[in-house]
J.: 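I have a structure here, written as structure tokens, and I will follow up with some questions on it.
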Number of protein chains: 2
Amino acid sequence: MTPKRRGQAPRQSDVARLAGVSQSAVSRVISGDVDTARIPEETRRRVLAAIKELGYVPNPSARNLRNKRNMLIGVHTFEAVFPHARDNFYFDFLLGIEERAEETGFDLVLFTSTGAGDGRRRVYRDGTNRLNLADGSVLLGVSTDRAELARLWADGYPFVHIGRREVPGAEIPCVIPDYRSATNGIVDKLAGHGHRHFAYLREPKEMEPYADRRHGYREAVERLGLTDRSPGFRGESELTDDWIDEIVRGEETAVVSESVRLAEQLFQGLAARGVRVPEDVSVAVLEADWGGTSAQWDSLEIPRLAIGRIAVDRLIEMLDDPDQPATSLLVPCPIVPGTTIAAARQRRP
Amino acid sequence: MTPKRRGQAPRQSDVARLAGVSQSAVSRVISGDVDTARIPEETRRRVLAAIKELGYVPNPSARNLRNKRNMLIGVHTFEAVFPHARDNFYFDFLLGIEERAEETGFDLVLFTSTGAGDGRRRVYRDGTNRLNLADGSVLLGVSTDRAELARLWADGYPFVHIGRREVPGAEIPCVIPDYRSATNGIVDKLAGHGHRHFAYLREPKEMEPYADRRHGYREAVERLGLTDRSPGFRGESELTDDWIDEIVRGEETAVVSESVRLAEQLFQGLAARGVRVPEDVSVAVLEADWGGTSAQWDSLEIPRLAIGRIAVDRLIEMLDDPDQPATSLLVPCPIVPGTTIAAARQRRP
DNA sequence: TTGAAAGCGGTACCAG
DNA sequence: CTGGTACCGCTTTCAA
């Protein structure tokens with residue numbers, strides 16, 4: 001037994017022949033512009049049957065050349081997806097994107113070919129934008145090259161970025177975890193437990209998500225009239241032994257940490273000095289706590305799955321109405337109760 | 001600042017006009033097949049200059065259309081990918097596929113549209129039809145509808161299946177973990193430790209991968225002149241208490257199990273009867289041991305990542321040469337040393 | 001209503 | 001060597 005011609009996908013003309021109509025009729029049935037080209041139900045049925053029998057699928061490149069929709073949504077990560085998916089980094093985003101894409105009838109193209117060969121991936125290679133194959137794309141990850149984002153935007157390519165990215169001269173449409181509000185909420189919670197003297201632990205990173213946390217934190221401190229004399233609050237990153245000593249000596253009863261990593265480090269340092277969490281010092285973390293650490297941190301949740309879904313919806317909106325302004329979207333981050341916040345205690349009775 | 005309108009990119013004809021040559025000359029300069037179309041250095045320079053001046057970049061869709069390739073490789077998993085990836089089932093396969101796709105300049109299309117769906121648009125999306133979107137596809141997963149595979153093959157669609165799948169009347173090109181050889185190797189190893197009387201634990205599954213193990217096992221038993229009177233060897237699945245008793249009473253010193261699950265069950269049963277592994281009975285497992293079980297089984301490794309990569313390479317070969325026979329590929333499974341094989345001991349001194 | 005035909009941007013074959 | 005030209009698969013007028 002021999003297969004048919006190898007690798008020859010059926011074309012519209014094949015469908016047309018089988019259905020006994022012209023090629024353009026097939027095209028009109030598919031494009032489904034009911035108002036523009038009304039097609040008798042009978043013809044329509046025959047075409048659909050032929051399409052199904054042949055397993056016809058429109059050629060994305062040809063369509064693209066003609067500037068119509070492919071029903072393809074691109075996903076561009078700035079690093080390889082799967083190695084990281086395992087670490088849960090891209091995972092839930094992708095899950096949400098996949099779910100929503102399926103629900104809305106889009107297929108997903110994972111753009112992998114744009115690699116520069118060094119593990120980093122770029123959108124433009126040899127000056128061409130591979131993303132063009134898809135109707136629009138969702139971008140995520142650590143974009144090293146802001147200029148690419150700017151160019152993508154300037155080219156008018158429809159895309160949304162997961163996570164806030166600021167590029168001068170461009171308005172990148174983003175779907176953004178609302179770290180600022182969540183941080184306000186977390187400080188509110190601590191203040192509600194009677195805390196007035198705070199310390200802030202800062203990661204040595206300057207990306208937007210951290211800026212948002214810092215912004216929110218400063219807001220809350222000012223709004224509530226709190227005290228914070230920590231280096232982190234002043235803009236110094238990391239956590240020194242000296243400062244841990246200082247916390248132990250000082251009036252601080254609450255610490256807000258940008259990361260589980262720093263919170264852990266603090267926890268160890270305090271434990272070594274006989275200071276307990278949360279009995280003596282309350283601690284909250286401004287990122288999702290994946291568990292498996294020494295404490296169950298009061299923290300925030302990044303609704304990754306929802307964000308993935310929302311990104312797809314946002315992209316489809318942009319596809320439906322290309323002239324729409326490219327606005328960003330904030331997605332609330334729920335505050336997750338842990339076991340590291342307790343009532344403020346008089347530190348030096 | 002406003003994004004520019006799409007579709008204003010310079011074309012080859014613009015370049016040609018500026019350089020004062022024909023469009024096809026431009027094409028030849030770009031394609032750069034120096035042997036096929038030698039172009040005078042002077043012309044070449046002018047074209048290159050014009051390209052640079054206009055900022056011309058080739059349109060990938062047009063290229064793909066002409067070359068009858070979309071540089072897209074499909075991945076069909078018969079189930080949603082990401083929920084399962086988490087369980088490590090598809091994961092390393094996908095990782096390998098992604099890696100290799102990136103290296104070879106292909107993008108990935110994830111086909112997940114197995115969904116129900118009775119809407120009109122659904123017609124174009126039912127099942128495997130969508131695969132035609134990609135130049136070719138890698139298929140993996142368990143609940144394979146054999147009829148679909150047959151049709152896909154009959155249609156001449158280029159694809160490879162990860163794992164052996166036999167379909168009457170079709171020659172499915174597969175990338176196959178070589179369970180048969182690995183099983184031979186494992187029995188060799190046991191025999192090398194002096195074992196002569198074997199038992200076989202059989203899973204209640206009839207898919208090709210199990211057939212391969214059974215085939216390999218039978219080969220080894222016959223080749224080495226071993227003894228096996230176990231129900232599993234005769235074709236009965238599962239493990240009964242009676243048979244554990246029988247092993248304890250009998251001459252068997254080596255057990256080969258199709259799964260960690262059955263090996264575990266045996267281990268418990270033997271322990272309850274005061275029989276130790278591997279001191280009294282050696283055990284080997286014919287699947288990958290993910291760890292976390294009561295013993296570190298002597299087992300085999302399924303080189304998932306390598307298989308994913310090989311599948312992509314195999315597919316590209318088929319794309320490059322469509323008339324090539326659709327042969328399958330065996331990938332060796334390394335034997336992983338554990339702590340459950342020891343020298344055969346005189347059972348009843 | 002429907003089919004013929006003109007491209008979209010490139011590639012590649014084929015006479016000059 | 002080179003330019004002319006026939007497609008690639010699809011959308012979209014434009015007549016019939």
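This one's a predicted model, so the numbers in the text were calculated from it and none came from an experiment. Every chain is numbered from 1, with letters handed out A, B, ... down the list of sequences.
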J.: If we only count heavy atoms from C-beta on, is the B:Pro173 to B:Met318 side-chain gap below 4.5 Å?
T.: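 B:Pro173 vs B:Met318: side chains touch.
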J.: So B:Asn67, base contact, sugar-phosphate only, or nothing? Heavy-atom distance under 4.0 Å.
T.: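 Sugar-phosphate contact only.
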J.: Could you check how far CG of A:Leu65 sits from P of C:dA6, rounded to whole Å?
T.: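 Answer to the nearest Å: 17 Å.
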J.: Can you tell me how far P of C:dG10 sits from CG of B:Asp14, to the nearest Å?
T.: 9 Å
J.: Please pick, from D:dT2, C:dT2, D:dG9, the nucleotide with the shortest atom-to-atom distance to any side-chain atom of B:Lys68.
T.: D:dG9
J.: For B:Arg46 and D:dC1, what is the distance between atoms CZ and C1' respectively, to the nearest whole Å?
T.: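 Roughly 14 Å, once rounded to whole Å.
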J.: Report yes if a side-chain nitrogen or oxygen of B:Ser24 is closer than 4.0 Å to either non-bridging phosphate oxygen (OP1 or OP2) of C:dC13; otherwise report no.
T.: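 No, no such contact exists.
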J.: Consider the side chain of B:Asn59, meaning its heavy atoms from C-beta on, and name the nucleotide among C:dG10, D:dT12, C:dT2 that approaches it most closely.
T.: C:dG10
J.: Pick out which of A:Leu140, A:Leu139, A:Leu133 makes a side-chain contact (heavy atoms from CB on, under 4.5 Å) with A:Ser137.
T.: A:Leu139
J.: Whether A:Arg11 contacts D:dG9 is assessed here as follows: a side-chain N or O lying under 4.0 Å from the phosphate OP1 or OP2. Is that the case?
T.: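 Yes, such a contact exists.
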J.: Could a donor-acceptor pair under 3.5 angstrom be found where the side chain of B:Ser22 meets the base of D:dG4?
T.: no
J.: For A:Gln23 and D:dC14, what is the distance between atoms CD and P respectively, to the nearest whole Å?
T.: 19 Å
J.: With respect to the side chain of B:Ala62, which nucleotide from D:dG9, C:dG10, D:dT11 is positioned closest?
T.: C:dG10
J.: Work out which heavy atom in B:Tyr56 is nearest to a heavy atom in B:Pro10; give both atom names and the distance.
T.: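 Of all heavy-atom pairs spanning B:Tyr56 and B:Pro10, the closest is CD1-O, 3.2 Å.
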J.: Using whole Å, report how far CG of A:Asp135 lies from P of D:dT11.
T.: 12 Å
J.: Any side-chain N or O of A:Arg63 less than 4.0 Å from the OP1 or OP2 oxygen of D:dT11?
T.: yes
J.: Nearest whole angstrom, please: distance from the P of D:dG9 to the CG of A:Asn70.
T.: 15 Å
J.: Less than 6.0 Å separating the ring centroids of A:His161 and A:Phe159?
T.: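 Between A:His161 and A:Phe159, the centre distance exceeds or equals 6.0 Å.
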J.: Is a donor-acceptor contact shorter than 3.5 angstrom present between the side chain of B:Ser27 and the base of C:dG10?
T.: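 Flag unset: no donor-acceptor pair detected.
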J.: Among the candidates D:dG3, C:dG10, C:dA4, find the nucleotide nearest to the side-chain atoms of A:Arg28.
T.: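 When the side chain of A:Arg28 is considered, C:dA4 is the closest of D:dG3, C:dG10, C:dA4.
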J.: Could you tell me whether A:Ser13 contacts a base, only the sugar-phosphate backbone, or nothing, with contacts defined as non-hydrogen atoms closer than 4.0 Å?
T.: nothing
J.: To the side chain of A:Pro40, which of C:dG3, D:dC10, C:dT1 is closest?
T.: C:dT1
J.: Atom CG of A:Asn132 to atom P of C:dG9: distance rounded to whole Å?
T.: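 Nearest whole value for this atom pair: 12 Å.
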J.: Indicate, yes or no, whether a donor-acceptor pair under 3.5 Å links the base of D:dG9 to the side chain of B:Arg66.
T.: no
J.: State, to 0.1 Å, how close B:Ser61 and A:Leu65 come at their nearest heavy-atom pair, and which atoms those are.
T.: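 Closest approach of B:Ser61 to A:Leu65: CB-N, 4.3 Å.
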J.: May I ask you to verify if any side-chain N or O of B:Ser61 is less than 4.0 angstrom from the OP1 or OP2 atom of C:dG9?
T.: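 The answer is no; no side-chain N or O of B:Ser61 sits under 4.0 Å from OP1 or OP2.
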J.: Please name the pair of heavy atoms, one in B:Trp153 and one in B:Ala326, separated by the smallest distance, quoted to 0.1 Å.
T.: NE1-CB, 4.4 Å
J.: For C:dT11, take OP1 and OP2 only and decide whether either is under 4.0 Å from a side-chain N or O of B:Gln12.
T.: yes
J.: What is the separation between atom CD1 on B:Ile51 and atom P on C:dG10, rounded to the nearest whole Å?
T.: 10 Å
